Amino acid sequence: MIETSAQLRQAFLDFYAAKQHQIVASSSLVPGNDATLLFTNAGMVPFKDVFLGTDKRSYSRATSSQRCVRAGGKHNDLENVGYTARHHTFFEMLGNFSFGDYFKEEAITYAWEFLTTVLALPKEKLLVTVYESDDEAYNYWLNNIGVPAEKIIRIGDKSADKKYESDNFWSMGDTGPCGPCSEIFYDHGEDIFGGPPGSADEDGDRFIEIWNLVFMQYNRHADGTMENLPKPSVDTGMGLERISAIMQGVHSNYEIDIFQALIRDTAKLLACDDLEHKSLRVIADHIRSCSFLITDGVMPSNEGRGYVLRRIIRRAVRHGHKLEAKSFFFHKLVASLAEQMGQAYPELVQQQETIAKILRIEEEQFGRTLDRGMTLLEDILATLKGDTIAGADVFKLYDTYGFPADLTADIARERDIKIDHDGFDAAMAEQRTRAQKASQFGTDYNEALKSAHHTEFNGYTQSDMTATVIELFNSESSVTQLNAGDSGIVVLDKTPFYAESGGQVGDSGVLFIGDGKFEVTDTFKLGNAFAHQGIAHHDIGLNQSVKAQINTERRAAIVKNHTATHILHATLRKVLGEHVTQKGSLCDAEKLRFDFSHFEAVTAEELSTIENMVNEQIRCNLARETSLMAIDEAKAKGAMALFGEKYDDEVRVVTLGDFSTELCGGVHVERTGDIGLFKIVAESGIAAGVRRIEAVTGIAALNYLAQQEQTLNAIATLVKADQNNVASKVEQVILRNKQLEKEIAQYKQKLASHAGADLISQAAEIAGVKVLIANLNGVEAKSLRGMVDELKNKMSSGIILLATANDNKVSLIAGVSKDLVSQVKAGELVNIAAQEVGGKGGGRPDMAQAGGSQPENIAAALTAAETWLKDKLN
């Protein structure tokens, strides 16, 4: 009996494997090399390039259970999660795919067999839809499968003037592969409200779509014409959660086994007795998306995918807050999720501790601002006129307190209030414009030029070779010749020059042309062509033969740094944890820079361990081995793949002994001993959840240590010590300096006290009130507060305004005795003066301070304050 979600997932994969489909493991939630998608949001996303014809696979049939997230961008279900029966941020899509192999008949036959034979669903409970003009699919359902005509519904275009815009016509975009689709619906019964698809009541819950069979039949051109694809394909998708609900005899996805277990564990953590509470649904859904996103290398941040993750975490925490959570709870649910889904996705179990730690940090950070944000929102709601929160207020909540707009909308919905989405979007657009103006980039060769040629790279084993010029560019377009003195790009049929990729910078060197040369300053890719960028010192034309020679000394320094990043990456995972993944790197001739996911600063002790471990692997002189193998074989071998990168079926694997195995197309040293020495020079945070290590190797590391020794000797000389006791000598100097500073401060305080006593005689009367206004020369700003306290005690009743200037900075302080604060506020007085010196300030009614940047205007400031006081007191 197939009932549990895990059993359904396996039964589906086994069924299609028996139909000669390759079982393909779920891809990352971060799409490989696809800037059009925030997350993998459908089962076909990993096969997108196969359908477009730009990628080839070793199989023509595939099946998968693909993890998906819809919580940002075009496909955003976040606001509906928890309030409807079938919306989720995270879900699994069961799918089977044909790449030019079988088509409609087989796709329909397989789907019907799985539903009615394997799952034994009653045929009378199923009905189907087809595109209005797809007679082929209609007739097959009717005549071959035997579905009654009244249960086959034709769905047409949404309007007469918009052809092919239908719920039953699928397209990848405005152009490209597209075609009709056939959907299979399950009838939950007459006791549930709703009508069949295409009817006025189709949005009800009686008839639920469980499977969509997409028939990629056409290629749509820019002019709208449809061309038959030479190899029609199939893309199907069935939500695991939806079919689980049907098989388990429940109506809502939140009633299936996985969710019920999560809901029970959440309710237990929060001491909530109402298992039907919608906040429990939200939290159960969100722990799935958050945990899997972190597993796939996404870290909470303020932009892109990390921002979406942060929004989901904060939404979950807010719903825990609604249920009166007494402490941090969300991170504790990772263990429950690992228990439910760890068998299918072992990475959840492997990274359980790390996921929980990251969620705990986020929970704590948001917890500190949640109460303040809620207070502000309550104030907005209390004074709200109408039923809509202004976009500016929504933006303020987001910008000041980290409240995403959908979180505000979530709270507002509970009060039957809307938010001004357009106003919020406008405020966000203004912010983006300001950010863009602060960071302007020009067009480079990569963006401006394209090439259809292919360059053969031979630089793994050769540093020079004879090649032929097959394309030339100036800064704007393709040309037939570059003249001496011209800057431009040379494309060769083959080359030893490495083109910038994977963090390794491009090679430099020379292209010799007879008795002249083209100096190559950089090498990068233009599609499959290698662009040798530089300046011509001799005329160079198409089809000309050149001798290409790289700068071997520079290359040697670069590859030392590149191999060192591989060792560093493996070391970080061993020292800091398996959650560490590469987020970016740069390997040039001077240094290496490695960015990686980690949720806190790396300690000095950890850095020392990392550096020692890397150098140990260098001393082991491990041999570098490279091999080409199938991607699945490489991953099975433990090769590290970068999230968001797209790999061919056959990949290059770089292995350093048993210590490091990575997919990499770059150039490396022969043995790790060639690196010589590795030295970390800096560690820093560059974004939320992303750290950076900078290091040097080889001669650069030796030079760095020599510089450090030179600096140490200079310090030793200054404190009259040697390298062995310089630390204790410096410590003595620091302690002595602190003692002297303390004595000086005490001395200055005494001088200030005496000066204060002398100032009493300068006090004047305004309308019977003692007023002291003075500019003090040579008095430190931090002494002013003590002086005002002492003067107020001596004057008993009065008003004081003092000013001083140090290092072109003005400090102002005002004091008002308690009997006079009803007449004059210290904050008002000090701000009158501050306006004249280009500053502002504030404080209590009896004591306030301000600063400024125009010491030349102190006299005018004090005069203005005195004039204001006269008006105020009179």
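Computed from heavy atoms alone, side chains included, the values below leave out hydrogens, waters and symmetry copies. Nothing here was measured: the structure is a model prediction, and the numbers come from that model.
- Annotation for E353: atom CD does not count as buried by contact number, only 12 or fewer foreign heavy atoms lying within 6.0 Å.
- Screening L213, N212, I243, I184 for a side-chain contact (heavy atoms from CB on, under 4.5 Å) involving M238 leaves a single residue, I243.
- For an aromatic pair to be called close, the ring centres must be under 6.0 Å apart, and F259 with H88 satisfies this.
- Rounded to the nearest 0.5 Å, atoms CD (E347) and OG (S28) are 10.0 Å apart.
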> Which is it for D595 and R593 under the side chain to side chain contact (heavy atoms under 4.5 Å, CB included) test, yes or no, and what are the steps along the way?
Replying inline: CA-CA 7 Å; D595 300 340; R593 189 179 73 207; 4.2 Å; yes

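- Remark: R206 engages D187 in a salt bridge (Lys or Arg N to Asp or Glu O under 4.0 Å) (not counting sequence neighbours).
- Residues R691 and E683 are paired through a salt bridge, judged by an N-O separation under 4.0 Å between the basic side chain and the carboxylate.
- Annotation: side-chain hydrogen bond (donor to acceptor under 3.5 Å, both in side chains) contacts of K825 (sequence neighbours excluded): none.
- For the pair L397/L376, a side-chain contact is recorded, criterion being any heavy-atom separation below 4.5 Å from C-beta on.
- Distance check, rounded to the nearest 0.5 Å: CG of L270 to NZ of K322 gives 12.5 Å.
- Aromatic pair F185/F207: ring centres not closer than 6.0 Å.
- If you take OG1 on T266 and NE2 on H319, they are separated by 12.5 Å, rounding to the nearest 0.5 Å.
- The side chain to side chain contact (heavy atoms under 4.5 Å, CB included) test applied to S171 returns C178, R220, not counting sequence neighbours.
- The NZ atom of K278 sits 14.0 Å away from the CD1 atom of I283 when rounded to the nearest 0.5 Å.
- The aromatic rings of Y164 and F169 lie tilted to each other, with the angle between the two planes from 30° to 60°.
- Under 4.0 Å is where a charged nitrogen must lie from a carboxylate oxygen, and between E362 and K357 no such pair does.
- Across every non-hydrogen atom of P31 and F39, the tightest pair is CG-C, 3.5 Å.
- Looking at R305 and L29, their side chains never come closer than 4.5 Å, going by heavy atoms from C-beta outward.
- Under 4.0 Å is where a charged nitrogen must lie from a carboxylate oxygen, and between E241 and R288 at least one such pair does.
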>> Using salt bridge (Lys or Arg N to Asp or Glu O under 4.0 Å), reason through D265 and K332 one step at a time and then give a plain yes or no.
In response: CA-CA 9 Å; D265 289 345; K332 296 177 182 177; over 6 Å; no

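- Summarising the geometry, atom OG belonging to S289 is positioned 10.0 Å from atom CZ belonging to R315; distances are rounded to the nearest 0.5 Å.
- The distance from the CD1 atom of I389 to the CZ atom of F395 is 16.0 Å, given to the nearest 0.5 Å.
- Side-chain rings of H579 and F599 approach one another, their centers coming within less than 6.0 Å.
- For Y398 and D393, the side-chain atoms include no donor-acceptor pair closer than 3.5 Å.
- R360 is not listed as a side-chain neighbour of Q365, based on a closest heavy-atom distance of 4.5 Å or more.
- Taking a 6.0 Å sphere around CG of D273, one finds it holds 12 or fewer heavy atoms contributed by other residues, nucleotides or ligands.
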> Do E694 and F594 pass the side chain to side chain contact (heavy atoms under 4.5 Å, CB included) test, and can you show the C-alpha distance, the side-chain angles, and the key distance before you say yes or no?
Replying inline: CA-CA 6 Å; E694 295 177 67; F594 190 79; over 6 Å; no

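- A donor-acceptor pair is defined here as one N or O able to donate and one able to accept, closer than 3.5 Å; no such pair exists between the side chain of S336 and the backbone of L333.
- For D274 (side chain) and E276 (main-chain N/O), a donor-acceptor pair under 3.5 Å exists by modelled atom type.
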> Do E378 and R415 pass the salt bridge (Lys or Arg N to Asp or Glu O under 4.0 Å) test, and can you show the C-alpha distance, the side-chain angles, and the key distance before you say yes or no?
Replying inline: CA-CA 11 Å; E378 292 295 346; R415 318 280 182 92; 2.7 Å; yes

